[in-house]
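One is the number of the first residue; the rest follow in order along the sequence.
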Amino acid sequence: MGDPSTPAGTGSAYQEHLAPAPLRGQFGQLWQSQLPADASGNITVLPDGCVDILWRDGALFVVGPDRSAAHPQLAPGAQVLGARFRPGQASAALGIDLSGIVGQAVPLIEFNARWATQAATWIGDAAPDQRLQRLADSLQRNMPAAVLDEHTRRAHALFAHAARGDASIDALAAHLAMSPRTLRRFSQTQFGYGAKSLERILRLQRFLRRSQAQPAHSLAMLAVEAGYADQAHLSRDARELAGLTASALRQQWGR
């Protein structure tokens, strides 16, 4: 797998692309995953602090942020398409507090998107290699414009700092002119959980990226480079967030 947040354990073919220019203010990436015809359908998806609009089984869904690894059940040979919101854009576009959809896949039509059923059918009617383009076209025609205000700018800054791991929560709160308590509530609205949980999830993603970049490094070295206190700290988070040992996690996603 090329990306630390993609499904693992299925041999699925995963491709990710930068969102086309008309969608780039709201979405960061478009992606598609194709399971082999003989796949069991049992997959694991790691939390990444993100929200996606997803097409599968002929329907469109909003997939909320996860606190721990998700295990969606897919049919052998299933094709899944996705558009990943940029940090701060999902809450604005959907008009909700994201803490209300943590760990859920909610039909897109429930978000006042009356176009979703027709669009999902139109996507499914295309040849498999044309469906991602149809998803992009549907989103461009029907989704509201990207929101660029103080809330989205702060959300983007929070995500970026947490992803880099270059500031404490207190320092980040001060940088964003918020109290730590206000920052926690803000993070829950924008990402589904508090800033410390977001930081923890993105630190695990950072470990996986470093595992890919430095395959010869030991787990202890990678743990420190990713921002863990030590290898034991990494091991605890790997089990709690991914349900795997750190070495198994590295074997499946980090190479």
Side-chain angles (χ1 to χ4, degrees), residues 2-6 14-33 47-56 60-66 80-102 104-116 118-120 122-123 126 130-164 166 172 175-178 183 186-193 195 198 201-202 205 209:
D3 183 90
S5 62
T6 63
Y14 177 87
Q15 294 179 320
E16 183 176 285
H17 315 275
L18 185 68
L23 292 175
R24 211 165 292 165
Q26 196 164 50
F27 296 95
Q29 297 83 28
L30 300 183
W31 56 268
Q32 57 185 329
S33 181
D48 59 5
C50 296
V51 175
D52 295 65
I53 290 182
L54 184 147
W55 181 91
R56 73 179 185 210
L60 285 163
F61 300 88
V62 173
V63 178
D66 288 315
V80 183
L81 313 174
R84 186 167 299 128
F85 278 104
R86 291 173 60 84
Q89 289 296 323
S91 178
L94 302 172
I96 62 167
D97 180 331
L98 293 185
S99 64
I101 60 167
V102 171
Q104 299 180 46
V106 184
L108 180 58
I109 197 169
E110 294 189 14
F111 296 93
N112 198 31
R114 291 182 290 273
W115 52 272
Q118 183 177 357
W122 183 61
I123 293 166
Q130 298 297 314
R131 289 173 180 165
L132 192 63
Q133 182 60 54
R134 287 200 174 186
L135 173 62
D137 292 344
S138 296
L139 295 175
Q140 184 179 342
R141 286 197 301 266
N142 296 292
M143 290 293 290
V147 175
L148 299 175
D149 60 12
E150 188 63 24
H151 287 293
T152 57
R153 285 192 290 270
R154 284 179 167 178
H156 190 272
L158 169 57
F159 191 93
H161 279 274
R164 292 194 301 267
D166 58 1
L172 183 54
H175 175 75
L176 296 176
M178 295 178 174
L183 177 62
F186 177 76
S187 183
Q188 287 174 329
T189 297
Q190 297 292 331
F191 299 106
Y193 26 65
L198 177 66
I201 285 166
L202 296 182
Q205 289 284 332
R209 288 194 298 272

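What you find for Ala92 and Val147 is that their closest heavy atoms are CB-CG2, 3.8 Å. Residue Gly28 comes nearest to Leu18 through the heavy atom pair O-CD1, 3.5 Å, listed as atom of the first residue, atom of the second, then distance. Here the closest heavy-atom approach between residue Ala105 and residue Arg56 is recorded as CB-NH2, 4.1 Å. The minimum heavy-atom distance between Ala195 and Leu158, with the atom names listed, is CB-CD1, 4.3 Å. Contact record, Leu60 with Ile53: CD2-CG2, 4.3 Å, taken as the closest heavy-atom pair. Here the closest heavy-atom approach between residue Leu135 and residue Ile123 is recorded as CA-CD1, 3.7 Å.
Here Gln133 contributes atom CD and Gln32 contributes atom CD; the two are 11.0 Å apart, rounded to the nearest 0.5 Å. A distance of 12.0 Å separates CZ of Arg86 from CG of Leu23, quoted to the nearest 0.5 Å. Note that CZ of Arg84 is 5.5 Å distant from CD of Gln29, once rounded to the nearest 0.5 Å. Once rounded to the nearest 0.5 Å, the distance linking OG of Ser187 with OH of Tyr193 reads 8.0 Å. Leu198 CG to Gln188 CD: the interatomic distance, rounded to the nearest 0.5 Å, is 11.5 Å.
Under the 4.5 Å side-chain criterion, counting only non-hydrogen atoms from C-beta, Asn112 is in contact with Arg114. Leu108 is not listed as a side-chain neighbour of Phe61, based on a closest heavy-atom distance of 4.5 Å or more. Residues Trp31 and Val80 have side chains in contact (heavy-atom distance under 4.5 Å, counting atoms from C-beta outward). Here the side chains of Trp115 and Met143 are in contact, with some heavy-atom distance below 4.5 Å. Between Leu132 and His17, some side-chain heavy-atom pair lies under the 4.5 Å cut-off. Within the 4.5 Å cutoff, side-chain heavy atoms of Asp166 are placed close to those of His161. Proximity of Leu148 to Gln89: side-chain heavy atoms (C-beta onward) are separated by under 4.5 Å at one or more points. Using a 4.5 Å heavy-atom threshold, the side chains of Arg141 and Asp137 count as touching.
In this structure a side-chain-to-backbone donor-acceptor pair under 3.5 Å is present from Arg24 to Ala19. Remark: the backbone N or O of His151 is paired with a side-chain donor or acceptor of Asp149 at under 3.5 angstrom. In this structure a side-chain-to-backbone donor-acceptor pair under 3.5 Å is present from Ser138 to Arg134. Ser33 places no side-chain N or O within donor-acceptor distance of the main-chain N or O of Tyr14, the cut-off being under 3.5 Å. With Ser91 contributing its side chain and Ile96 its backbone, the two residues share a donor-acceptor pair below 3.5 Å. A donor-acceptor pair under 3.5 Å links the side-chain atoms of Arg131 to the main chain of Ala126, judged by distance alone.
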Practice problem: Kindly determine whether Gln26 and Leu139 satisfy side chain to side chain contact (heavy atoms under 4.5 Å, CB included), including the steps that lead there. | Solution: CA-CA 10 Å; Gln26 196 164 50; Leu139 295 175; over 6 Å; no

Quiz item: Are Met178 and Arg154 close enough, and set up right, to give a side chain to side chain contact (heavy atoms under 4.5 Å, CB included), and what steps lead you there?
Solution: CA-CA 10 Å; Met178 295 178 174; Arg154 284 179 167 178; 3.4 Å; yes

Quiz item: So Phe191 and Leu98, side chain to side chain contact (heavy atoms under 4.5 Å, CB included) or not? Walk me through it.
Solution: CA-CA 6 Å; Phe191 299 106; Leu98 293 185; 5.6 Å; no

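Taking a 6.0 Å sphere around CD of Gln118, one finds it holds 12 or fewer heavy atoms contributed by other residues, nucleotides or ligands.
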